[in-house]
Undergrad: 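The structure that follows is given in the form of structure tokens.
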Amino acid sequence: MIPPPIMPPKRPAATIVASAGVAAPPPPGSVAPPLWPSDTYAWPDPDTKPPYDYARTVNPNRDMLAAALAELEGAAGGVVTNSGQSATLLALLLVPAGGLVVAPHDCYGGTYRLIQGLADAGKLDALFVDQRDDAAYAAAMARGPALVWIETPSNPLLRIVDIAARAAQAQAAGALVAADNTLPTPCRQRPLDLGCDLVMHSTTKALNGHGDVIGGALLAREPQLVERITWWGNAAGLTGSAHDAHQVLRGLRTLPLRIDRQEASARRIADRLAARPEVAAVHFPGLPDHPDHALAERQQGGPGFMIAFELHGGADAARAFTARLRLITLASSLGGYATLICVPASMTHRGMPPQAQARAGIGPGLLRLSVGLEEPDDLIVDLAHALMR
Ligand SMILES: *Cc1c(COP(=O)(O)O)cnc(C)c1O
């Protein structure tokens, strides 16, 4: 029980409402973690800073989530941010003025927009390369990058980059290496074990998994790097809210179960799509004809829940197809309980100009499916129905 406050009789209403519960100790032993939305904390005296003082700097709900994510990724710690983009920005704040950032030519559209935008503003130098191309990657390393950004499997085409090999080359060139691990999640891939310094997440996606939070995280392998990103996260105000951290931790409880189920459904759907005459190509690391199938088998614990595919008939066929779907929703996001489909060229990757999209292999008719938790047979029926003209 919360102890009743010691109070004089007949206090004014303004004082009663303004002081109710202020700095009261919480009841101990709550099984579900409490939500601590307080922006500030009481000090015992002006010279004794309490462990929690101001919530932009430090918050118990963010700490609980950061500890769980750090353990999942094998990190020393990290910062829970208010979006995936703010986690990416936090990593970019480690780049000295004019430093070179090397990123994949087929990275997430928002990552491309942010890095290119900072380059256009003269804050850093950007080079987008095909990280599967040995010569292009070696040439990029020869330019002495400050930060190398890795995203594998790539979004939307699910190409696989050899993290251990690329991270070793980048570090030999003196760069910090960060991996966006949003798609595989730590249930399938642990980039820090493979040599990366930093791992980034959009918790908006599978980690929350319930489609109701925008959030992110940046985690580091070494304590000294955790200290630097914690300093910048506070200085730049990139940290996430207590409510969002509480919600993401709740979603995270079922992550391993959801990934197993979504991946099993994705395997079945990819096989079905590959067998359909209307389908021109299926990009899914679990299919034996995927160009990086062997590397995917070695590097990831499984192919994941994302499938990209192309129809005969290109952009018009893709648009007619999405209009005929009944169960699957046309929307930009991924990793949640609901199966979503998108046309990356005009949706998730519109931050990437047409020439960059063409270079990355993102055609106007490419479709990207994030397989959710519905009964897989129902998804297969919905897709088959939409494929029939
Ligand atoms: C969604 C996403 C981001 C950006 O995250 P937000 O939470 O939308 O800011 C970054 N990388 C990948 C791979 C994503 O899917």
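This one's a predicted model, so the numbers in the text were calculated from it and none came from an experiment. One-based numbering, in listed order, for ligands and for the atoms of each. We count residues from 1, following the sequence as given.
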Undergrad: Whether Asp377 and Arg268 form a salt bridge (side-chain N of Lys/Arg under 4.0 Å from carboxylate O of Asp/Glu) is what I want to check.
TA: yes
Undergrad: What is the closest protein heavy atom to atom 8 (O) of ligand 1, and at what distance does it sit?
TA: Tyr108 OH, 4.0 Å
Undergrad: Distance under 4.0 Å to a non-hydrogen atom of Glu151: what atoms of ligand 1 satisfy this?
TA: 13 (C)
Undergrad: Quick one: does ligand 1 sit under 4.0 Å from the side chain of Thr88, the backbone, both or neither, non-hydrogen atoms only?
TA: neither
Undergrad: Taking 4.0 angstrom as the limit and counting only heavy atoms of Leu334, give me the atoms of ligand 1 inside it, by number and element.
TA: 15 (O)
Undergrad: Which ligand 1 atoms does Lys205 reach within 4.0 Å, using its non-hydrogen atoms?
TA: 1 (C), 2 (C), 3 (C), 14 (C), 15 (O)
Undergrad: Distance under 4.0 Å to a non-hydrogen atom of Gln85: what atoms of ligand 1 satisfy this?
TA: 4 (C), 5 (O), 6 (P), 9 (O)
Undergrad: Would Ile307 and Leu334 show up in the same hydrophobic cluster when neighbours are defined by side-chain heavy atoms closer than 4.5 Å?
TA: no
Undergrad: Quick test of your reading of the structure: of Thr204, Val213, Leu114, Asp180, whose heavy atom lies closest to atom 13 (C) of ligand 1?
TA: Asp180
Undergrad: So between Pro156, Gly215, Ser202, whose heavy atom ends up nearest atom 5 (O) of ligand 1?
TA: Ser202
Undergrad: What is the closest protein heavy atom to atom 6 (P) of ligand 1, and at what distance does it sit?
TA: Gly84 N, 3.4 Å
Undergrad: What atoms of ligand 1 come closer than 4.0 angstrom to any heavy atom of Met200?
TA: 10 (C)
Undergrad: Could you check whether any side-chain N or O of Thr339 sits under 3.5 Å from a backbone N or O of Gly372, counting only pairs where one atom can act as donor and the other as acceptor?
TA: yes
Undergrad: Output every pair passing salt bridge (Lys or Arg N to Asp or Glu O under 4.0 Å) with a member in residues 211-229, not counting sequence neighbours, ordered by first then second residue.
TA: Asp197-Arg221
Undergrad: Should we say atom CZ of Arg250 is surrounded by more than 12 heavy atoms from elsewhere, each under 6.0 Å from it?
TA: no
Undergrad: Only distances under 3.5 Å count here; give the side-chain donor-acceptor pairs of residues 107-122 to other protein atoms, sequence neighbours excluded, each with its distance to 0.1 Å.
TA:
| unit_1 | atom_1 | unit_2 | atom_2 | d |
| --- | --- | --- | --- | --- |
| Gln116 | NE2 | Asp120 | OD1 | 2.9 |

Undergrad: Decide yes or no on side chain to side chain donor-acceptor pair (under 3.5 Å) for Asn208 and Thr203, but give the supporting numbers first.
TA: CA-CA 6 Å; Asn208 178 53; Thr203 58; over 6 Å; no
